[in-house]
There are 2 protein chains.
Amino acid sequence: MRLLIAVCQVDYIGRLTAHLPMAPRLILVKADGSVSVHADDRAYKPLNWMSPPCHLTEEPGLWRVINKSGEELRITIDEVLHDSEHALGKDPGLQKDGVEAHLQELLAEHPDTFGAGFTLVRREYPTAIGPVDLMCRDASGASVAVEIKRRGEIDGVEQLTRYLELLNRDPLLAPVAGIFAAQEIKPQAKVLATDRGIRCVTVDYHKLRGIGSDELTLF
Amino acid sequence: MRLLIAVCQVDYIGRLTAHLPMAPRLILVKADGSVSVHADDRAYKPLNWMSPPCHLTEEPGLWRVINKSGEELRITIDEVLHDSEHALGKDPGLQKDGVEAHLQELLAEHPDTFGAGFTLVRREYPTAIGPVDLMCRDASGASVAVEIKRRGEIDGVEQLTRYLELLNRDPLLAPVAGIFAAQEIKPQAKVLATDRGIRCVTVDYHKLRGIGSDELTLF
DNA sequence: TCGTAAATTTCGTCA
DNA sequence: TGACGAAGTTTACGA
């Protein structure tokens with residue numbers, strides 16, 4: 001990884017045109033050839049960048065980074081304030097816990113979260129337009145399709161609506177009810193879901209996790 | 001801006017739990033207090049980060065970054081390979097061209113892009129579920145709602161469908177036709193739109209821009 | 001390669 | 001401050 005602090009001007013010509021006037025910034029050149037330009041604020045997003053795979057050609061005072069789609073990042077360098085190179089090696093990678101897959105796993109183990117007598121038919125129930133997160137039966141044996149999100153927004157309701165439309169065409173399954181389950185559901189999503197007869201269930205991830213294991217209480 | 005190359009372990013405890021095993025990485029501490037941890041690949045996304053506003057407390061071998069919501073980034077430092085500080089000052093900022101707002105502006109100026117005799121009623125036409133990008137009338141005086149995207153995908157068609165459903169309940173306005181306009185429309189979005197009687201219009205941004213001004217020809 | 005869905009999305013705007 | 005939608009979204013995962 002190469003770290004360059006330099007007074008530079010940056011121009012991106014690609015999906016849009018973007019221009020950064022001459023000013024001191026950090027330029028990162030990584031082992032995969034990618035380049036990013038950072039200001040002295042914001043942790044997450046670079047001011048400008050070129051994602052790998054791409055190719056850097058370096059002339060005195062002018063760097064060009066080009067990718068296969070013909071997008072270009074042009075860095076004009078006026079003055080170099082710092083320049084160092086560091087070998088880091090491949091990163092062992094990030095381990096995550098608490099994402100949607102895990103939430104689905106927990107709800108599959110505890111279908112009664114949706115109501116007394118609910119049972120799981122299967123996870124990732126296949127349909128022509130993709131798998132439904134959970135297919136359940138309620139206490140009376142009626143089919144219930146469940147869409148799970150970490151944050152419930154309108155997109156998720158639309159997704160479940162498409163599944164329900166399709167599933168209800170199957171006479172062996174119909175009628176299929178819908179449940180929209182998420183850790184947090186946005187007001188507009190709740191309104192749309194309710195309007196379409198879809199029930200909204202807000203899930204407490206930590207509480208649900210506590211049912212199956214006592215991991216959390218160990219801390 | 002402080003640049004630290006260090007052998008470190010990183011743990012994030014917040015919206016989820018994430019863990020990075022001990023390995024050499026770049027740690028960026030910016031003037032706004034934000035911290036990000038980078039591996040030697042990927043230009044855009046850090047491995048781990050804490051967005052501003054947040055607060056860094058530094059002990060020998062252990063850094064803690066905490067924000068107001070109680071999220072925490074814990075960095076255990078085993079060995080420092082490089083450590084430097086650089087004053088950059090405030091960045092003049094990025095100038096962009098070619099985003100959706102600009103596309104909407106151009107199409108508002110040239111409603112005849114959608115057909116001879118088309119006129120603009122108004123931009124950001126208000127409805128109960130949000131504003132429609134453009135409301136127009138065709139040559140016969142019939143209402144046409146236009147949804148504009150840079151890239152046309154399924155969710156854009158769904159969005160327009162919701163607007164049309166609502167607008168067509170208004171007897172003073174109905175029938176309202178729909179146009180889905182974008183620089184590029186994905187095949188699946190085109191299929192869904194067509195199935196719903198929504199016309200798709202692919203817009204050439206540069207050509208459209210050329211109509212109003214000759215800026216581009218100056219280059 | 002294309003398409004779809006997730007993301008600690010982040011980032012702006014507007015009420 | 002919260003909600004909503006755009007983003008050069010990026011990134012990961014299937015078909």
Side-chain angles (χ1 to χ4, degrees), chain A residues 11-18 34 36 41-52 67-73 93-94 96-104 124 126 128-131 133 147-156 158-159 162 182-192, chain B residues 10-19 34 36-37 41-52 54 65 67-73 94 96-104 124 126 129-131 133 147-151 153-156 159 182-184 186-189 191-192:
Chain A
D11 290 279
Y12 165 75
I13 307 100
R15 279 164 281 184
L16 56 64
T17 301
S34 67
S36 55
D41 62 354
R42 275 169 301 184
Y44 189 77
K45 199 184 168 182
L47 281 169
N48 238 322
W49 69 94
M50 185 63 78
S51 296
N67 72 4
K68 223 166 47 180
S69 322
E71 296 176 276
E72 182 179 352
L73 192 68
L94 191 65
K96 291 182 187 182
D97 179 26
V99 290
E100 189 195 312
H102 200 169
L103 193 60
Q104 187 191 114
E124 303 288 349
I129 55 170
D133 288 338
E147 176 66 33
I148 300 167
K149 293 274 181 247
R150 204 180 61 72
R151 286 169 58 181
E153 300 186 31
I154 281 182
D155 278 9
E158 298 286 13
Q159 200 178 333
R162 288 196 294 272
Q183 282 184 269
E184 180 200 351
I185 299 180
K186 289 293 172 74
Q188 289 227 355
K190 202 169 285 189
V191 169
L192 185 65
Chain B
V10 186
D11 289 280
Y12 165 75
I13 307 102
R15 281 163 281 186
L16 56 69
T17 301
H19 170 78
S34 67
S36 56
V37 180
D41 62 352
R42 273 169 301 183
Y44 189 77
K45 200 184 169 182
L47 281 170
N48 238 324
W49 69 95
M50 183 66 76
S51 295
C54 60
V65 194
N67 73 4
K68 223 168 43 181
S69 321
E71 296 176 279
E72 181 179 353
L73 192 68
L94 191 67
K96 289 182 186 182
D97 181 25
V99 290
E100 188 194 312
H102 200 168
L103 193 59
Q104 186 190 117
E124 303 289 346
I129 54 168
D133 288 338
E147 176 66 34
I148 301 167
K149 293 275 181 246
R150 203 181 60 70
R151 284 168 58 182
E153 301 186 27
I154 280 183
D155 58 346
Q159 200 177 333
Q183 282 185 271
E184 179 199 353
K186 290 291 173 73
Q188 295 234 0
V191 169
L192 184 65

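All chains are named by letter (A, B, ...) in the order of the sequence lines, taking the proteins before the strands, and each is independently numbered beginning at 1.
- Counting to the nearest Å, the P atom of C:dA6 and the CD atom of A:Glu147 are 6 Å from each other.
- Residues meeting the ring-ring contact (aromatic ring centres under 6.0 Å, His included) test with A:His102, sequence neighbours left out: A:Tyr205.
- The ring of A:Tyr44 does not lie on top of the base of C:dT10; it is either too far (5.5 Å or more) or too tilted (30° or more).
- Rounded to a whole Å, the CZ atom of B:Arg151 is 14 Å from the P atom of D:dA6.
- Between A:Asp133 atom CG and C:dT4 atom P the separation is 17 Å, expressed in whole Å.
- Atom P of nucleotide D:dA7 and atom NZ of A:Lys45 are separated by 10 Å, given to the nearest angstrom.
- Taking for each of B:Leu73 and A:Arg42 the nucleotide of DNA chain C with the nearest heavy atom, the 5'-most of the two is the partner of B:Leu73.
- Annotation: of the two residues near DNA chain C, A:Ile148 and B:Ser51, the 5′-most nearest-nucleotide partner is A:Ile148.
- The CD atom of A:Gln104 sits 13 Å away from the C1' atom of C:dA5 (whole-angstrom rounding).
- Between C:dT8 and A:Lys96, a contact under 4.0 Å exists linking OP1 or OP2 to a side-chain N or O.
- Remark: C1' of C:dA5 and CD of A:Glu124 are 11 Å apart, rounded to the nearest angstrom.
- B:Tyr44 has its side chain within reach of A:Tyr44: a pair of non-hydrogen atoms, C-beta onward, lies under 4.5 Å apart.
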